Peer 1: 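Let me give you the structure first, and then I'll get to my questions.
These numbers come from a predicted model, not from an experiment. Quick note on labels: first sequence line is chain A, next is B, and so on, each numbered from 1. We use all heavy atoms of the structure for the numbers below, so side chains are in, but hydrogens, waters and symmetry mates are not.
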There are 2 protein chains.
Amino acid sequence: MNEGTDATAHGGARGSLQLRDQLCFALYSASRSVTARYRPLLDELNLTYPQYLVMLVLWEQDEISVRGLGAALQLESSTLSPLLKRLEAAGLVHRERRADDERSVTLTLTPSGLALRDRARAVPLAMSGAMGLTEEQDETVKELLRLINDNVSRS
Amino acid sequence: MNEGTDATAHGGARGSLQLRDQLCFALYSASRSVTARYRPLLDELNLTYPQYLVMLVLWEQDEISVRGLGAALQLESSTLSPLLKRLEAAGLVHRERRADDERSVTLTLTPSGLALRDRARAVPLAMSGAMGLTEEQDETVKELLRLINDNVSRS
DNA sequence: CCCAAATGAATCGTGCACAACTTAGTTGCG
DNA sequence: CGCAACTAAGTTGTGCACGATTCATTTGGG
């Protein structure tokens, strides 16, 4: 009814200002919903969602620099430094300046951090169930999200 | 090579702890990239990304309660209250207690807030270009994101 | 060798998100 | 009517995100 006021209101929603047409909102909204759904699972592990992502990286590749972690997660040191301090305070991660380059800090898992991996194994499957996508939909959306990420990050 | 340690390492990635297999990370990561890409566009309008979303709602439906806005954006009053104060301070939004229910606050656009709509028209199209999806991919990913959102929010 | 540029991490300030709580106002039931 | 349950906003505390800046260290060119 109010489409007359929109420049491109003829089905193609690319230039619309309507919230429901915006891919960005679908993305923002789904991301927050998913994070919220993770929360109770991660509470069991005493991790926040970004902390969980950091642990995923470390479980995959122990001994990594803050810089390398930032590259993997696309996060700045200004985000990671305080987060890593909290993980260190929780006894999951050890931080140490590199002997051969004092600018760099090497992250390693403590025994406790390594052990947490076993308790975390149930998390991805539980979440996959909550999302309720078929294997094919799951792959499709992951591919499209990575495409968006690549296109938008480029330049 | 380290797939032997994963419970379900045979192609199906549903239960993997590897970062690149996680839909949640693709989602989180794409969402942040897209928001970052919006930033310079929205700086022109002196809006943050969540503020822009609030303005989208108000441009679509002027006169809405904080509660209604929260329902539209799936955000709590604890997030919206300070954000709306900033929009009011910027002279874009007017807040007023309802006469017939003093608990409720009605939001309306100021002339300046209404005028901003014209300057915002270019934003969605510019972003659509930056994301670089075909019309079909755009629709597909929006549908799947809404499906995820629905499934994950349910219960 | 020296010093300017570059690099890696951390710090600071602003603005979300959200849980837990508070305050004020409304409603409905005995 | 009276008051307990409920509702709408707002406040507080914690933890991201990120730009801008700082600090220590390393590197490379003259």
Peer 1: Between K85(A) and R39(A), name the one whose nearest nucleotide on DNA chain C is closer to the 5' end.
Peer 2: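 Mapping each residue to its closest nucleotide by heavy atoms, the 5'-most match is K85(A).
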Peer 1: By nearest nucleotide on DNA chain D, pick out whichever of P50(A) and L80(B) is the more 5' one.
Peer 2: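 Its nucleotide being nearer the 5' end, the pick is L80(B).
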Peer 1: Just do the salt bridge (Lys or Arg N to Asp or Glu O under 4.0 Å) check on R95(B) and E88(B) with the steps written out, would you?
Peer 2: CA-CA 7 Å; R95(B) 294 187 304 155; E88(B) 188 177 42; 3.2 Å; yes
Peer 1: With hydrogens left out and only the distance checked, is there a donor-acceptor pair under 3.5 Å joining R103(B)'s side chain and the base of dT26(C)?
Peer 2: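 Check fails, no donor-acceptor contact within cut-off.
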Peer 1: Does the side chain of T48(A) get closer than 4.0 angstrom to OP1 or OP2 of dT14(D) through an N or O atom?
Peer 2: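 For T48(A), the contact criterion (side-chain N or O under 4.0 Å from OP1 or OP2 of dT14(D)) is not met.
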Peer 1: Can you tell me how the ring of Y38(A) sits relative to the ring of Y52(A), calling it parallel under 30°, perpendicular over 60° and tilted otherwise?
Peer 2: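 Correct class here is tilted.
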Peer 1: Could you give the CD-to-P distance, from Q74(B) to dC16(C), as a whole number of Å?
Peer 2: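 Value for this atom pair: 18 Å.
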Peer 1: Rounding to a whole Å, what distance do you find between D101(B):CG and dT26(C):P?
Peer 2: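 Rounded to the whole Å, the gap is 5 Å.
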Peer 1: Short question: side chain of E63(B), backbone of L58(B) - any donor-acceptor pair under 3.5 Å?
Peer 2: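 Between the backbone of L58(B) and the side chain of E63(B) there is no qualifying donor-acceptor contact (under 3.5 Å).
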Peer 1: Can you tell me which nucleotide in dA8(D), dA9(C), dC16(C) comes closest to the side chain of L83(B)?
Peer 2: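 From the listed options, dC16(C) comes nearest.
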Peer 1: Could you give the CG-to-P distance, from D43(A) to dA20(C), as a whole number of Å?
Peer 2: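 Rounded to whole Å, this separation is 9 Å.
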Peer 1: Check this one for me: any side-chain N or O of Y49(A) less than 4.0 Å away from OP1 or OP2 of dG15(D)?
Peer 2: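 No, because none of the side-chain N or O atoms of Y49(A) sits under 4.0 Å from OP1 or OP2 of dG15(D).
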Peer 1: Can you find a side chain N or O atom of R95(B) that sits less than 4.0 Å from OP1 or OP2 on dG10(D)?
Peer 2: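 Indeed, a polar side-chain atom of R95(B) lies that close.
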Peer 1: In whole angstrom, give the distance that lies between atom CZ of R32(A) and atom P of dC16(C).
Peer 2: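 Distance, rounded to whole Å: 13 Å.
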Peer 1: Determine the contact category for T79(A): base if any of its heavy atoms lies under 4.0 Å from a base atom, sugar-phosphate if only primed atoms, P, OP1 or OP2 are that close, otherwise nothing.
Peer 2: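 If one applies the 4.0 Å heavy-atom cut-off, T79(A) turns out to touch a base.
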Peer 1: Pick the nucleotide of DNA chain D nearest each of R86(A) and D100(A); which residue has the one closer to the 5' end?
Peer 2: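 Looking at DNA chain D, the more 5' nearest nucleotide goes with R86(A).
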Peer 1: Would you find a donor on one side and an acceptor on the other, under 3.5 Å apart, between the side chain of S31(A) and the backbone of L27(A)?
Peer 2: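 Not a single qualifying donor-acceptor pair exists.
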Peer 1: Under 4.0 Å between any heavy atoms, over every strand shown, what does S65(B) touch: base, sugar-phosphate, or nothing? Just pick one.
Peer 2: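 If one applies the 4.0 Å heavy-atom cut-off, S65(B) turns out to touch the sugar-phosphate alone, with no base involved.
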Peer 1: Do the side-chain N or O atoms of S77(A) get closer than 4.0 angstrom to the phosphate oxygens (OP1, OP2) of dA9(C)?
Peer 2: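 Looking at the OP1 and OP2 atoms of dA9(C), neither is under 4.0 Å from any side-chain N or O of S77(A).
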Peer 1: Could you tell me whether S78(A) contacts a base, only the sugar-phosphate backbone, or nothing, with contacts defined as non-hydrogen atoms closer than 4.0 Å?
Peer 2: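 Here S78(A) touches the bases of the nucleic acid.
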Peer 1: Looking only at heavy atoms, which two atoms of Y49(B) and L42(B) are closest? And how far apart?
Peer 2: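 Nearest heavy atoms, Y49(B) then L42(B): CA-CD1, 3.6 Å.
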Peer 1: Using 0.5 Å steps for rounding, measure from the CG atom of L83(B) to the NZ atom of K85(B).
Peer 2: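 It comes to 12.0 Å.
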Peer 1: Please report the distance, rounded to the nearest Å, between CG in L75(A) and C1' in dG19(D).
Peer 2: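 From L75(A) CG to dG19(D) C1': 14 Å.
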Peer 1: Grab the CZ-C1' distance between R98(A) and dG8(C) for me, whole Å please.
Peer 2: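 The answer, rounded to whole Å, is 11 Å.
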Peer 1: What's the closest nucleotide to the V105(B) side chain, out of dA9(D), dT25(D), dA9(C)?
Peer 2: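 From the listed options, dA9(D) comes nearest.
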Peer 1: Specify the separation, in whole Å, of atom CG of L69(B) and atom C1' of dA9(D).
Peer 2: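 Rounded to the whole Å, the gap is 13 Å.
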Peer 1: Find the distance L84(B):CG to dA9(D):C1' and express it as a whole number of Å.
Peer 2: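 The distance from CG of L84(B) to C1' of dA9(D) comes to 10 Å, rounded to the nearest Å.
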Peer 1: Does a side-chain N or O from Y28(A) land closer than 4.0 Å to OP1 or OP2 of dA17(C), or not?
Peer 2: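 True: Y28(A) side-chain N/O within range (under 4.0 Å) of dA17(C) OP1/OP2.
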